[in-house]
Asker: 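Below is one structure. I have some questions about it.
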Amino acid sequence: MRATSPNNPLERLHAELNRLWKEEQDQFLLANTIRALNTRYDLNEKIMNEPGVEDILKQMFGRLANSYEQLAGVQRQRILDIACGSNTSKAPASLFVDTPFGRKTIGSAKKGYSAQFEPWFCRMLFELGADPVGVDVGDLESETFTHYRVDLGKIGALDFLPDHSFDGVQDSRLFGSPEFTAQLPNKGDRLKIAREIKRQERRLLKENGIVIHSDAESLLK
């Protein structure tokens, strides 16, 4: 077996993520997903330019590992990603990332758009065979998954989505995004939105649906 090259970002990423799932079917699915992300979105180049992208992918796959015993379990699941990121999103000056392989704080060398905040979770889910739906205020026009441009700083912004229509939900990154904190600089206003998002998650989940991750819940604790 050829040794993994530490200088090849995709080989390094694949080798680490392979530790999360032991079934051959899941490892095959993982390899195909990473390959597809590179083909569609130049993942290798983006990791080379912004190493934090690799940590974001590890974090997102880690959340799936915590929620699904088998990676193939996400197939045909309708999953909502609230504040999914976009192709115009900005990264904060620093971001805490908790992955299955350790915790770290990553920074962004860019003041504007950052590949770290592209919609990686929805892209992953789409390549894995799930049915992701992403909502964000930024540009998602070129994305292949179902997406809606939504101002999440407004109460009722998700009312257009039907009750009990999702197998899983995630909200992540909203409360630390530069755009959101500029829109709502008052912490009390951000807490109102956190309560609104938790209300919407309860409404939108099917009876046996799962919360994959919720920054809103963490903020309200």
Side-chain angles (χ1 to χ4, degrees), residues 37 41 43 46-47 50-67 79-100 103-126 130 132-140 143 145-154 157-158 161 166 168-187 189-201 204 210-221:
L37 290 173
Y41 308 108
L43 178 59
K46 287 176 179 176
I47 291 176
E50 291 188 71
V53 172
E54 182 176 354
D55 296 298
I56 297 294
L57 269 288
K58 291 177 185 177
Q59 183 183 52
M60 297 301 175
F61 274 107
R63 290 174 181 172
L64 289 181
N66 289 336
S67 301
I79 298 174
L80 176 65
D81 190 6
I82 301 169
C84 63
S86 75
N87 296 302
T88 53
S89 294
K90 301 175 182 178
S94 64
L95 178 68
F96 176 75
V97 179
D98 188 359
T99 82
R103 302 177 177 184
K104 65 188 298 187
T105 299
I106 60 176
S108 176
K110 299 184 177 182
K111 294 183 178 180
Y113 148 84
S114 169
Q116 294 176 15
F117 269 43
E118 289 183 16
W120 293 110
F121 193 61
C122 282
R123 290 171 175 175
M124 286 164 40
L125 291 170
F126 183 84
V133 176
V135 293
D136 199 275
V137 74
D139 176 26
L140 293 166
E143 299 298 330
F145 56 86
T146 301
H147 52 79
Y148 300 97
R149 198 162 193 169
V150 175
D151 183 355
L152 293 166
K154 296 181 178 179
L158 298 175
L161 294 169
F166 291 94
V169 298
Q170 167 177 267
D171 75 83
S172 180
R173 308 275 187 259
L174 175 64
F175 299 100
S177 77
E179 297 94 331
F180 183 76
T181 53
Q183 179 185 7
L184 296 175
N186 183 277
K187 184 178 180 180
D189 291 333
R190 295 197 294 273
L191 288 173
K192 289 180 183 178
I193 297 302
R195 287 190 286 270
E196 165 69 2
I197 287 178
K198 287 308 300 174
R199 179 186 74 83
Q200 293 283 5
E201 288 174 345
L204 292 167
I210 61 172
V211 176
I212 296 169
H213 177 83
S214 177
D215 278 358
E217 183 175 330
S218 299
L219 185 64
L220 292 169
K221 286 182 178 178

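In this text, all values refer to a predicted model and were calculated from it rather than measured experimentally. Side chains are part of it too, since the values below use all heavy atoms of this structure and drop only hydrogens, waters and symmetry mates.
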Asker: Indicate the atoms forming the closest heavy-atom contact of Gly138 with Ser86, along with that distance.
Answerer: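 The answer is CA-OG, 3.4 Å.
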Asker: If we ignore hydrogens and angles and just use 3.5 Å, is the side chain of Thr88 paired with the main-chain N or O of Asp139 as donor and acceptor?
Answerer: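 Yes.
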Asker: Start with the C-alpha distance between Phe117 and Lys90, add both sets of side-chain angles, then the distance that settles side chain to side chain contact (heavy atoms under 4.5 Å, CB included), and finish with yes or no.
Answerer: CA-CA 7 Å; Phe117 269 43; Lys90 301 175 182 178; over 6 Å; no
Asker: Where do Gln183 and Gly153 come nearest, in terms of heavy atoms and distance?
Answerer: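 Closest approach of Gln183 to Gly153: NE2-CA, 3.9 Å.
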Asker: Is Arg190 reaching over with its side chain to a backbone N or O of Thr181, donor-acceptor style, under 3.5 angstrom?
Answerer: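 Pair absent, no side-chain N/O of Arg190 close to backbone of Thr181.
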Asker: With side chain to side chain contact (heavy atoms under 4.5 Å, CB included) as the test, would you mind laying out the steps for Phe175 and Ile197 before giving the verdict?
Answerer: CA-CA 11 Å; Phe175 299 100; Ile197 287 178; 4.0 Å; yes
Asker: Before giving the answer on side chain to side chain contact (heavy atoms under 4.5 Å, CB included), spell out for Val137 and Leu152 the whole-Å C-alpha distance, their side-chain angles and the decisive distance to 0.1 Å.
Answerer: CA-CA 7 Å; Val137 74; Leu152 293 166; over 6 Å; no
Asker: Could you tell me whether the side chain of Leu37 reaches within less than 4.5 Å of the side chain of Met124, counting heavy atoms only?
Answerer: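 Yes, close enough: below the 4.5 Å cut-off.
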Asker: Show every salt bridge (charged side-chain N to carboxylate O under 4.0 Å, His left out) that has at least one partner inside residues 210-221, sequence neighbours left out.
Answerer: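 Applying salt bridge (charged side-chain N to carboxylate O under 4.0 Å, His left out) to every pair that reaches into residues 210-221, excluding sequence neighbours, yields Lys198-Glu217.
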Asker: Under 3.5 Å, is there a donor on one side chain and an acceptor on the other for Asp171 and Gln200?
Answerer: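 No, Gln200 and Asp171 have no side-chain donor paired with an acceptor closer than 3.5 Å.
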Asker: Is any side-chain heavy atom of Leu57 closer than 4.5 Å to a side-chain heavy atom of Lys46?
Answerer: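 No, their side chains stay 4.5 Å or more apart.
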Asker: What closest approach, in Å, do Asp136 and Gly85 show between heavy atoms, and which atom pair accounts for it?
Answerer: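 Minimum heavy-atom contact is OD2-N, 2.9 Å.
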Asker: Ile82 and Val135: which non-hydrogen atoms are nearest, and at how many Å?
Answerer: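 Reported closest heavy-atom pair: CA-CG2, 3.6 Å.
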Asker: Pair His213, Gln59 - check side chain to side chain contact (heavy atoms under 4.5 Å, CB included), show working.
Answerer: CA-CA 11 Å; His213 177 83; Gln59 183 183 52; over 6 Å; no
Asker: What closest approach, in Å, do Cys122 and Gly134 show between heavy atoms, and which atom pair accounts for it?
Answerer: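 The answer is SG-CA, 3.7 Å.
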Asker: Side-chain donor-acceptor pair under 3.5 Å between Asn87 and Glu143, yes or no?
Answerer: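 Yes.
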Asker: If I compare all heavy atoms of Thr105 with all of Ser94, which pair ends up nearest, and what's the gap?
Answerer: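 Closest approach of Thr105 to Ser94, heavy atoms only: CG2-CB, 3.8 Å.
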Asker: Going through the distances and angles, do Arg63 and Ser172 end up as a side-chain hydrogen bond (donor to acceptor under 3.5 Å, both in side chains)?
Answerer: CA-CA 11 Å; Arg63 290 174 181 172; Ser172 180; 3.0 Å; yes
Asker: Closer than 4.0 angstrom, basic N to acidic O: yes or no for Lys58 and Glu54?
Answerer: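 Yes, charged N to carboxylate O under 4.0 Å.
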